[in-house]
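The analysis underlying the following values was restricted to heavy atoms, covering all of them including side chains, and did not include hydrogens, waters or symmetry mates. These numbers were taken from a predicted model, which means no experiment stands behind them.
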Amino acid sequence: LNINELILSSKTMWSRSYVSDGGQTTFGSKTQTQLFPELFFNYRFGKLVLGFGSATTSAYEVEWDAASAPGRFLSTGSKYEGRELMGAIAYKLSARFSIGLTLRHAQMDVTHQRNLPRPLPGDDSLYYEAGERFDTDGTGTGYTLGFQYYRDRRFSVGLTYFSPIEIDLSGNRSFSL
């Protein structure tokens with residue numbers, strides 16, 4: 001058993017959004033910065049390589065500063081994070097050609113908040129705002145298939161196919177007054 005690579009890295013993601021109220025007032029969200037660790041390692045057994053990895057593939061978070069932002073009935077804040085656990089196998093067909101397959105297990109967490117205009121009893125022209133929040137998560141699986149031609153240390157070319165991953169989200173909905 002020979003450990004060829006052990007990689008520990010991090011990915012930094014930041015987000016900020018803006019909305020304009022008819023071109024007059026610009027509302028900004030709070031800037032969000034997140035740091036996500038990633039881990040990859042592989043083992044070589046002659047021409048066969050087995051690998052495992054974990055990575056955050058996408059992340060976004062936004063929370064609006066102004067309670068009077070015009071888009072508050074669509075969103076007052078959102079957050080999502082997608083992660084993948086990967087198991088891979090690769091085989092060196094010859095000195096110049098190799099093929100690989102990765103099984104991918106994706107996980108996603110999504111939170112969404114918004115305000116809802118609720119009419120006051122007896123007068124539809126007056127309303128109050130209620131907060132609504134969705135907390136959901138889900139998983140899905142897929143694969144990656146790759147083929148590589150390696151001419152020399154300065155030139156190689158590959159072809160990769162990523163299968164779609166369908167994630168069915170489910171969770172809770174809550175309200176606040």
Side-chain angles (χ1 to χ4, degrees), residues 6-41 51-89 100-146 160-177:
L6 175 61
I7 302 169
L8 179 60
S9 64
S10 63
K11 183 184 296 182
T12 304
M13 295 184 187
W14 64 272
S15 55
R16 184 172 178 119
S17 298
Y18 296 91
V19 66
S20 178
D21 181 9
Q24 311 253 334
T25 306
T26 300
F27 295 88
S29 67
K30 297 176 186 173
T31 300
Q32 303 290 332
T33 304
Q34 296 170 297
L35 185 66
F36 300 99
E38 297 181 341
L39 174 69
F40 298 96
F41 63 90
F52 177 78
S54 173
T56 298
T57 55
S58 58
Y60 183 81
E61 184 173 1
V62 63
E63 184 177 334
W64 296 104
D65 287 335
S68 60
R72 68 188 180 278
F73 299 125
L74 298 174
S75 177
T76 58
S78 296
K79 179 179 180 178
Y80 75 81
E81 184 178 324
R83 295 170 299 283
E84 284 192 18
L85 297 174
M86 299 157 278
I89 186 169
L101 174 69
T102 301
L103 298 177
R104 299 167 32 225
H105 177 75
Q107 303 169 309
M108 180 169 270
D109 295 318
V110 179
T111 301
H112 181 74
Q113 301 171 92
R114 68 179 182 157
N115 287 352
L116 293 173
R118 309 307 289 171
L120 289 173
D123 188 352
D124 288 343
S125 66
L126 297 175
Y127 67 92
Y128 65 95
E129 293 183 18
E132 180 181 37
R133 180 182 172 110
F134 297 92
D135 290 303
T136 60
D137 59 18
T139 61
T141 56
Y143 65 92
T144 302
L145 183 62
T160 305
Y161 172 75
F162 287 87
S163 74
I165 297 178
E166 188 173 313
I167 297 177
D168 197 12
L169 296 173
S170 63
N172 299 313
R173 180 179 179 198
S174 59
F175 295 94
S176 63
L177 300 176

- Ionic contact status for E81 with K79, cut-off 4.0 Å: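 Looking at K79 and E81, the cut-off is not met.
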So, taking the atom named [atom1] in [X] and the one named [atom2] in [Y], what distance separates them when rounded to the nearest 0.5 Å?
X	Y	atom1	atom2	answer
R83	D109	CZ	CG	4.5 Å
L120	L126	CG	CG	5.5 Å
S9	F36	OG	CZ	13.0 Å
R114	L116	CZ	CG	4.5 Å
H112	T76	NE2	OG1	7.0 Å

- Hey, mind stepping through L39 and L6 against side chain to side chain contact (heavy atoms under 4.5 Å, CB included) and telling me if it holds? CA-CA 8 Å; L39 174 69; L6 175 61; 3.8 Å; yes
- Query: Could you go step by step and tell me if S58 and Y80 meet the side chain to side chain contact (heavy atoms under 4.5 Å, CB included) rule?
  - Reply: CA-CA 8 Å; S58 58; Y80 75 81; 3.6 Å; yes
- Item | Sequence-distant partners of R104, salt bridge (charged side-chain N to carboxylate O under 4.0 Å, His left out), two or more places apart | E84
- Item | Steps toward side chain to side chain contact (heavy atoms under 4.5 Å, CB included) verdict (F52, F41) | CA-CA 6 Å; F52 177 78; F41 63 90; 3.7 Å; yes
- Message: With a 4.5 Å cut-off on side-chain heavy atoms, are E38 and L8 touching?
- Response: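 With C-beta onward as the side chain, the pair stays apart.
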- Are the side chain of T102 and the backbone N or O of M86 linked by a donor-acceptor pair below 3.5 Å?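 The answer is no, because no donor-acceptor pair under 3.5 Å joins these two groups.
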- Nearest heavy-atom neighbours spanning F40 and A55: CZ-CB, 3.9 Å
- Identify the two heavy atoms, one from N115 and one from G131, that lie closest to each other, and give their separation to 0.1 Å. OD1-CA, 4.1 Å
Acceptor/donor pairs from residues 163-177 side chains to any protein atom, 3.5 angstrom cut, sequence neighbours excluded:
residue	atom	partner	partner atom	Å
S163	OG	Y143	N	2.8
S163	OG	Y143	O	3.1
R173	NE	E132	OE2	2.5
R173	NH2	E132	OE2	2.5

- Please assess T141 against H105 for the test side chain to side chain contact (heavy atoms under 4.5 Å, CB included), listing each intermediate value before the final yes or no. CA-CA 5 Å; T141 56; H105 177 75; 3.6 Å; yes
- Message: List the residues meeting side-chain contact (heavy atoms from CB on, under 4.5 Å) with P117, not counting sequence neighbours, and say none if there are none.
- Response: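 P117: side-chain contact (heavy atoms from CB on, under 4.5 Å) contacts with F73, Y127.
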